[in-house]
Amino acid sequence: MVAAMDTDSSDLFGALFAAPAVTRVVPVLVPLPVPVPYSYAVPEGMHVVPGSIVQVPVGPRQVIGVVWDGENDGKLDPKKLRPITIAFDCPPLAKEMRDFVDWVAAYTLSPPGLVARMAIRAPAALEPEPMVEGLRYLGGQPERLTPARIKVLELAGEQDVPWTRSGLAHAANVSLSVIDGLTAQGIFDTVFLAPPPVVAKPDPDYVEPRLEGPQKDAAVEIVGSVKNGAFEASLIDGVTGSGKTEVYFEAVAEALRQGRQVLILLPEIALTPAFLERFESRFGAKPAEWHSDLSPRMREKVWRGVVTGEVRVVAGARSALFLPFEELGLIIVDEEHDPAYKQEDRVFYNARDMAVVRSRIGDFPIVLVSATPSVESQVNGLAGRYNIVHLPTRFGDAALPDLHLVDMRRHPPERGGFLSPLLLRGMKRAIEKGEQALLFLNRRGYAPLTLCRVCGHRFQCPQCSSWLVEHRFKSQIQCHQCGYHQPTPEACPECGTLDHLVACGPGVERIAEEVEKHFPEARTIVMSSDLLGGVKRMRLELEAIAKGEVDIVIGTQLVAKGHNFPLMTLVGIVDADLGLSNGDPRAAERTFQLLSQVTGRAGRTGLKSHGLIQTFQPLHPVMQAIVSGDSTAFYEREIAEREKAILPPFGRLASLIVSADTRAEAETHARGLRAAAPRVTGISVLGPAEAPLALVRGRHRFRLLVHGRRNSDMQAFLRAMVSQGPKPKSSVQIQLDVDPQSFL
DNA sequence: AGCACGCCGACT
DNA sequence: GTCGGCGTGCTC
């Protein structure tokens, strides 16, 4: 129609017999859980290429999608296709990024549209940043001069650079109307300025790095990898305090010199002001941040900066991996072993593994970093897939703490207590010297189990069957699994007896009580995620600890990371065995990692420091690895155990693992099983088992996941599936596993 | 993912 | 008699 109207009416013949304008049809990935792209018509005059970000209609609404690769299959009548609404003025997703999205979608068995959505999740960032209005001083005088006007003119005359309206008003300390008045008289004219950059450009040569000994060698090695530029995965394995960050900063510097962008992945919790400042003091500017509680405005700016290449370095949590960098040339994955890299909703992925894939597709190096590498990465290192770079000693004058096991069978605490005399003595000594002690217990609340002494009733969660944990500070009993909570009852709900409820086992609050009994004078603080006052209070408390305003810190998990406490010279692990016996196939590994991190908090600034580890199993490989400082034997054993058990590590879901020699075979059978699954409550999701474990045995694995509240239900469901599903071929193995409720 | 349609329980 | 629960199905 449009073509006919454009044609000169006298050329009727041409209008009637010219080949009809062919509507171009392109595939578009839409953010829906569908397995293929949808087809849309490209309106005349619109220009799109694969990777273009567009708005398209889906049913009654408009969604953001990405023009994808491939031809339309021709099954749909092009005339009936709906047209693309908007093609955004925004650089298209590069081919590498599209390949990455396809790969992740195929690997995680997720709808590609949902994976693509992770890359374009920055709502209003799709149009260029609006220009900023600026005022340029043209010279000349207004008709009447007032003191306010004189101040403005003086300032504006000083330099020949444009001012913003509000900036000038603020600088001259006058109101906006003064500026407007002068503008109206033609003293200023309006110009449009490019929006200011989100962050300053980091300078790779801002300071001369000071590296020593093994750090230098390590830096040379990974800088070489960056210079080479091709895909190579390195694993920096260095004890806490060995200066790993300084070493990988040199790789970052080299990538910057090569004109490439850099992504530093960190677990969310490690994205602290302290880290950003450390970066700034090396590069003269902060990296752009990317994490879940970024303001929408900032999110847009950073996203835009990343696609246009204005932002050179992003430090971000796992979702930063899907940012569409213009010329990414290096990824760092710090705290590589951290379980926070796993995403377990919608698209299931481990950002660490997908980061390796992204660098392989983009053909640039990647550096994984950890003091306590995951078993998978160790395996990959041993197999030669990763280049292991060791940093065996601490940096500068910081010495590793002197670690000792406290055999709780030989040094029992007094009745009703949990701290052995050895630990109490150590604490006393530290406090007397004006130093600090950290007691670590990975259990929030007062006591993990409450029961009635009269009838034996145990407080259990009505929603998910785990024990309710008493929280004395909040006067609540809580379920740590599903969040259920109620006020602490005074009477037993079973037998009605008053005041006969008894707390079993320790939580941090109970340890605090015990500490206050022994050290009534000491300034004691409990640090746990349910600390009243939120993140802000947490920051303040951490600062107070660093300044020495606290003598004894009692903390859960969250004291394990970040923040250096210069005066912390004693670390006591209250219950090192906690978490070893919960049946989690990763229990030993996690415990080793956690205990290493916690004990690593001590002795960061040269003061002689100690760690006392309370355990009932001093001969356990984890304890031996911790005190000896030699983890080789521990890792060897872990790898062997996993090979023997063929166990996958995963979180909070029941799963059925199907493994086979080829991917296709495993996938086919897994799909068959899913099809045969009884349609009961609980949704089954098909997903591959964790890659690195598949690498351990060279087999391909898939797993069927079942979400549920109670483990027993999920287990029953999976058993039913196995019995009703298709018979596996000889090379296909099926295992059933239910994740124990992890202590995390 | 959203959103509509559609069929069975407790209520202004 | 309705309001509303979420099971099922569809979107180029």
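Residue numbers begin at 1 in each chain, while the letters A, B, ... track the order of the sequences.
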For nucleotides 10-12 of chain C, list the nitrogen or oxygen atoms of the protein found under 3.5 Å from its nitrogen or oxygen atoms, one pair per line.
unit_1  : atom_1 : unit_2 : atom_2 : d
dT11(C) : O3'    : G59(A) : N      : 3.0
dC12(C) : OP1    : P57(A) : O      : 3.2
dC12(C) : OP1    : G59(A) : N      : 3.3
dC12(C) : OP2    : R82(A) : NH1    : 2.9
dC12(C) : O3'    : S39(A) : O      : 2.8
dC12(C) : O3'    : R82(A) : N      : 3.4
dC12(C) : O2     : S39(A) : N      : 2.6

Side-chain polar contacts of residues 31-38 of chain A - donor-acceptor pairs under 3.5 angstrom, sequence neighbours left out - could you list them?
none

Which residues satisfy the ring-ring contact (aromatic ring centres under 6.0 Å, His included) test with Y349(A), sequence neighbours excluded?
F322(A)
Partner residues of [X] under the side-chain contact (heavy atoms from CB on, under 4.5 Å) criterion, sequence neighbours left out:
X: E268(A); value: H291(A), S292(A), A317(A)
X: S370(A); value: E336(A), H337(A), T372(A), P373(A)
X: P83(A); value: P43(A)

